[in-house]
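Here the structure is a predicted model, which is why all the values come from computation and not from measurement.
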Amino acid sequence: MQTMIEFRHVRKRYGDKIILEDFNLSVEKGEFVTIIGSSGCGKTTALKMVNGLLEPTDGDILIEGESIRRKDQTQLRRNIGYAIQGSVLFPHMTVEQNIAYVPNLLNKRDKKKTRDAVSKWMKIVGLDEEMRERYPAELSGGQQQRVGIARALAATPEILLMDEPFGAVDEITRAQLQTELRQIYEKTGITVMFVTHDISEALKLGTKVLVMDHGEIQQYAAPGEILHHPATPFVSRLADQERRMCHLPEERLDECEFSGARAE
């Protein structure tokens, strides 16, 4: 498979505090990578380095084999979808204007193409057409998050970065958004990196799960491997949390609908 994102010996420090140390990771094209770990372990730092919002102190990050240092940073970010908790929509813009923001920057002349893209993504994320002219303040939390996802995908990026995007919504809405996101992923084949504190969410969504602790990779493997063959005591504790919440023995853990245990 083709490598889409590669971290090579990446180090990140703030003063005397080291966030990531000799961080090496290869994400294949079309993978859905969920990233889980304790608070402050470097999850969000790693994510923000992919689109140049943070720069490594040492090492390099490559997109399809090319160092992001050689890319125009504005263009890089326009070509990578980015969705975060709470969606952070432009409050003075309508739903349509929010979703169309990046496509309008990339292609200012073809308004019909942009409108068609807005309609397409609104439908995919479960937003009714009549919401086009609404403002963020007129939407529920779940609707705002759907707009944020549609905006991140509207320019048809090859990479989607998500930083705890469902952390601010209720459990029912969260489950719906998880299902919709997985369906979007399966339809588009986009490469996803998704930060979460929820082991259940990580296991449910990811084709690969990256477990981190204190700036180091504890395990990078398929969900079943994480559950049944944890590589370190830290990973084992996460698997045990899931097992206890499911009330199932290890040999039946795959039957669990993933309970929502969190890495603290």
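Side-chain atoms of D163 do not come within 3.5 Å of backbone N or O of L161 as any donor-acceptor pair. Judged by distance alone, with hydrogens and angles left aside, the side-chain atoms of Q73 form a donor-acceptor pair with the main-chain N or O of K71 at under 3.5 Å. The main-chain N or O of I84 is found under 3.5 Å from a side-chain atom of Q145 such that the two form a donor-acceptor pair. No donor-acceptor pair closer than 3.5 Å links the side chain of D128 to the backbone N or O of E130. Using a distance-only test at 3.5 Å, with no hydrogens or angles considered, no donor-acceptor pair links the side chain of N79 to the main chain of P157. Remark: side-chain polar atoms of R8 are not paired, donor with acceptor, to backbone N or O of D60 under 3.5 angstrom. In this structure, R11 contributes its side chain and D58 its backbone to no donor-acceptor pair below 3.5 Å. Panel note: side chain K43, backbone G37; a donor-acceptor pair is recorded below 3.5 Å.
Here the side chains of L53 and R77 are in contact, with some heavy-atom distance below 4.5 Å. W121 is listed as a side-chain neighbour of I184, based on a closest heavy-atom distance under 4.5 Å. A 4.5 Å side-chain heavy-atom check between D116 and K120 finds every atom pair outside the cut-off. L181 has its side chain within reach of F166: a pair of non-hydrogen atoms, C-beta onward, lies under 4.5 Å apart. No side-chain heavy atom of L160 sits less than 4.5 Å from a side-chain heavy atom of Y185. Two residues are said to be in side-chain contact when any heavy atoms from C-beta on lie closer than 4.5 Å; T232 and Q219 fail this criterion. A heavy-atom distance below 4.5 Å is not found between the side chains of V169 and Q176. Residues N104 and K111 form a side-chain contact, since some pair of their non-hydrogen atoms from C-beta on lies under 4.5 Å apart.
V118 is not connected to Y135 by any chain of hydrophobic side-chain contacts under 4.5 Å among Ile, Leu, Val, Met, Phe, Trp and Tyr, and they are in different clusters. Using a 4.5 Å cut-off between side-chain heavy atoms of Ile, Leu, Val, Met, Phe, Trp and Tyr, with links allowed through other members, F23 and L62 fall into different hydrophobic clusters. The cluster map of Ile, Leu, Val, Met, Phe, Trp and Tyr, joined by side-chain heavy atoms under 4.5 Å apart, puts Y14 and L47 in the same cluster. Each of I18 and V10 belongs to its own hydrophobic cluster when Ile, Leu, Val, Met, Phe, Trp and Tyr are linked at side-chain heavy-atom distances under 4.5 angstrom.
Between S38 and H214, the side chains place no donor N or O within less than 3.5 Å of an acceptor N or O (distance only, hydrogens not considered).
In terms of heavy-atom proximity, P103 sits nearest to A155 at CG-N, 4.1 Å. Residues V125 and E180 share a closest heavy-atom pair of O-OE1, 3.4 Å. E129 approaches M122 most closely through the heavy-atom pair CA-CE, 4.1 Å. Looking at every heavy atom in both residues, Q143 comes nearest to L139 through OE1-CA, 3.4 Å. When all heavy atoms are compared, the tightest approach of H9 to N24 is N-OD1, 2.7 Å. When all heavy atoms of A83 and G148 are compared, the closest pair comes out as CB-O, 4.4 Å.
In this structure, OG on S236 lies 11.0 Å from CD1 on I226, to the nearest 0.5 angstrom. With rounding to the nearest 0.5 Å, the separation of CE in M212 from OH in Y220 is 12.5 Å. Here CD1 of I61 is found 9.5 Å from CD of E55. Values are rounded to the nearest 0.5 Å. How far CD of E158 is from CD1 of I63: 10.0 Å, rounded to the nearest 0.5 Å. Note that the CG atom of L127 and the CZ atom of R146 stand 6.5 Å from one another [nearest 0.5 Å]. For the atom pair CG (L20) and CD (E216), the distance works out to 10.0 Å, reported to the nearest 0.5 Å.
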>> Could you go through R151 and L89, starting from their C-alpha distance and side-chain angles, then the distance that decides it, and tell me whether this counts as side-chain contact (heavy atoms from CB on, under 4.5 Å)?
In response: CA-CA 9 Å; R151 183 177 65 182; L89 302 177; 4.1 Å; yes

> Where do D198 and I36 land on the side-chain contact (heavy atoms from CB on, under 4.5 Å) test, with the steps shown first?
Replying inline: CA-CA 7 Å; D198 187 331; I36 185 165; 5.7 Å; no

> Would R13 and E21 count as a salt bridge (charged side-chain N to carboxylate O under 4.0 Å, His left out) if you check the C-alpha gap in whole Å, the side-chain angles of each, and the deciding distance to 0.1 Å?
Replying inline: CA-CA 8 Å; R13 64 182 300 165; E21 182 68 76; over 6 Å; no

> Would R115 and R132 count as a side-chain contact (heavy atoms from CB on, under 4.5 Å) if you check the C-alpha gap in whole Å, the side-chain angles of each, and the deciding distance to 0.1 Å?
Replying inline: CA-CA 10 Å; R115 284 187 61 83; R132 295 179 82 108; 3.7 Å; yes

>> What verdict does the salt bridge (charged side-chain N to carboxylate O under 4.0 Å, His left out) test give for K208 and E28, after you've listed the backbone C-alpha separation in whole Å, the side-chain angles of each residue and the deciding distance to 0.1 Å?
In response: CA-CA 10 Å; K208 288 279 191 70; E28 302 301 322; over 6 Å; no

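Below 30°, between 30° and 60°, or above 60°: for F194 and F32 the angle between ring planes is between 30° and 60°, a tilted geometry.
When each of T3, T207, T191 is tested with E31 by the rule side-chain hydrogen bond (donor to acceptor under 3.5 Å, both in side chains), just one qualifies, namely T207.
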